[in-house]
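Some notes on the structure that comes next.
Quantities reported herein were computed from a predicted structural model and do not represent experimental measurements. We name chains A, B, ... by the order of the sequence lines, and we start the count at 1 in each one.
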2 protein chains.
Amino acid sequence: MKLKDDKKIVQIFQAALKLVAKKGLSGVTMGDISREAGIATGTLYVYFKGKDELINALFAACRENSVQVSFKGYNPQLPFKPGFKNIWLNILRYKLQHFEEVIFMEQCYHSPFITAGTREKAQQLSAPFYALMERGQKEQLIKQTDTGLLLIFMLGAMNELVKQTHYSGITLNRSRINSTFDLCWDALKA
Amino acid sequence: MKLKDDKKIVQIFQAALKLVAKKGLSGVTMGDISREAGIATGTLYVYFKGKDELINALFAACRENSVQVSFKGYNPQLPFKPGFKNIWLNILRYKLQHFEEVIFMEQCYHSPFITAGTREKAQQLSAPFYALMERGQKEQLIKQTDTGLLLIFMLGAMNELVKQTHYSGITLNRSRINSTFDLCWDALKA
DNA sequence: ATTGAAAATGAATATTTATTCGCTTATCTT
DNA sequence: AAGATAAGCGAATAAATATTCATTTTCAAT
């Protein structure tokens, strides 16, 4: 009995991400994915029931991964602002290093592939972000505006930053990253 | 001699926008579009060479329209901040009222449909936005950070705001809109 | 009213793409 | 080492989709 290879799933996911970032969700076929992953088309169907399942699985994996990485090194005992910056940097770094995931997630949101269930689960993973904002409000450090609004503002700006960085070839050196954090902090701070 | 009907092009565009916002670019077929527009599939090919041309034309039309609307009522003689808020509100209102275009543009960016030429032309239309930021900097009212960065920040946040507003059913009443403007202004102000 | 040129139609065709399946190859168990 | 079980293959098939085209309808000019 040979076992399904986890490494191969990673290969498939990476192939799909690369292709979607390059050509968009609508431009990517199962044939493209298998070729890019270096396996036969039929093999895709050993790992996933079909295209839908593949896309949903990838979507869920990306989401889980990104949330998990965001809070790496966060210690609620320490003061708010450095902790917040830590998370902000985690997110930005993640998005920069996983640009393809950013694009993939964006393209998926309005696709017929992602099921309500998958979407739901993704949403639930946002809870820690809300909690973070509430802490900042409790400590009177950030504005008493709806936390959803604050998060949208912060994450939307970051997303666009990452995308435009890629297109326009701006390099995000440390100084530019700090400038951007300052924009964000000035926006949110009480 | 019967003439091609401009109203029909609008119908086609609106059908395409509606469907893309609902199902994503990858979920929309020429058949869907013609059905939604209330015309025969073959008629689409009277107006456009094919799907590519249709998508590119719609992309260009959306972009031109949105830029044009953004500067409505802007008078460079008047002080910067109210002028800036005027434009900011124009953009926000436009995006809220034309949610489908927001989604369509987003989905297009990484699709194989949009040609380099179309993309180029869209980019050129950004010039007035850069000029606006430069004015604010000259008057020492906003941060001396790279204008591209400032714009990305502002527009990215708005885009996400509009999207999340639709999903989560937040209603953007006047007070909430003003809160969001304050976030934006605090971010940019010197 | 008649006519001609263009628009509109939608069934038929061509093309693309997802999925299946009979077969081969690899790996685990005994 | 042999047998069994599952992975891997890719050509063949099925399904979905774009595009064409022979025909009909519309409408402005005469």
Next on the checklist: Using the salt bridge (charged side-chain N to carboxylate O under 4.0 Å, His left out) criterion, which residues pair with B/Glu134? Sequence neighbours excluded.
Outcome noted: none
Item to check | A/Phe153: partners by ring pair (Phe, Tyr, Trp, His ring centres under 6.0 Å), with sequence neighbours left out | outcome: B/Phe153
Item to check | ring-ring contact (aromatic ring centres under 6.0 Å, His included) contacts in which one or both residues fall within residues 113-149 of chain B, not counting sequence neighbours | outcome: B/Phe71-B/Phe129
Item to check | Nucleotide C/dT16, atom C1' - distance to CZ of A/Arg35 in whole Å | outcome: 13 Å
Item to check | Closest to the A/Val46 side chain, choosing from D/dG10, D/dA7, C/dG10 | outcome: D/dA7
Next on the checklist: What is the separation between atom CD1 on A/Ile39 and atom C1' on C/dT25, rounded to the nearest whole Å?
Outcome noted: 16 Å
Checklist entry - Starting at CG of B/Leu44 and ending at P of C/dA8, how long is that distance when rounded to a whole Å? => result 11 Å
Next on the checklist: Measure CG/A/Leu54 against C1'/C/dA18 and give the value in whole Å, please.
Outcome noted: 12 Å
Next on the checklist: Side-chain N or O of B/Thr43 versus OP1/OP2 of C/dT9: is the shortest distance under 4.0 Å?
Outcome noted: yes
Checklist entry - B/Asp32 and B/Lys23: salt bridge (Lys or Arg N to Asp or Glu O under 4.0 Å), yes or no, with the steps? => result CA-CA 11 Å; B/Asp32 290 338; B/Lys23 313 202 287 173; 3.3 Å; yes
Item to check | side chain to side chain donor-acceptor pair (under 3.5 Å) partners for A/Gln123, two or more places apart | outcome: none
Checklist outcome for this item: Whether each nucleotide of nucleotides 15-22 of chain D has a protein heavy atom under 4.0 Å at its base (B), only at its sugar-phosphate (S) or at neither (-) is summarised, 5' to 3', as --SSBB--
Item to check | Nearest-angstrom distance from the residue atom NZ of B/Lys7 to C1' of D/dC27 | outcome: 15 Å
Checklist entry - Between A/Ile12 (CD1) and C/dA18 (P), how many Å, whole number? => result 15 Å
Checklist outcome for this item: Using a 4.5 Å side-chain heavy-atom cut-off and chaining through intermediate ILVMFWY residues, the residues clustered with B/Val69 come out as B/Tyr94
Item to check | B/Ile9 CD1 - C/dA7 C1' separation (whole Å) | outcome: 13 Å
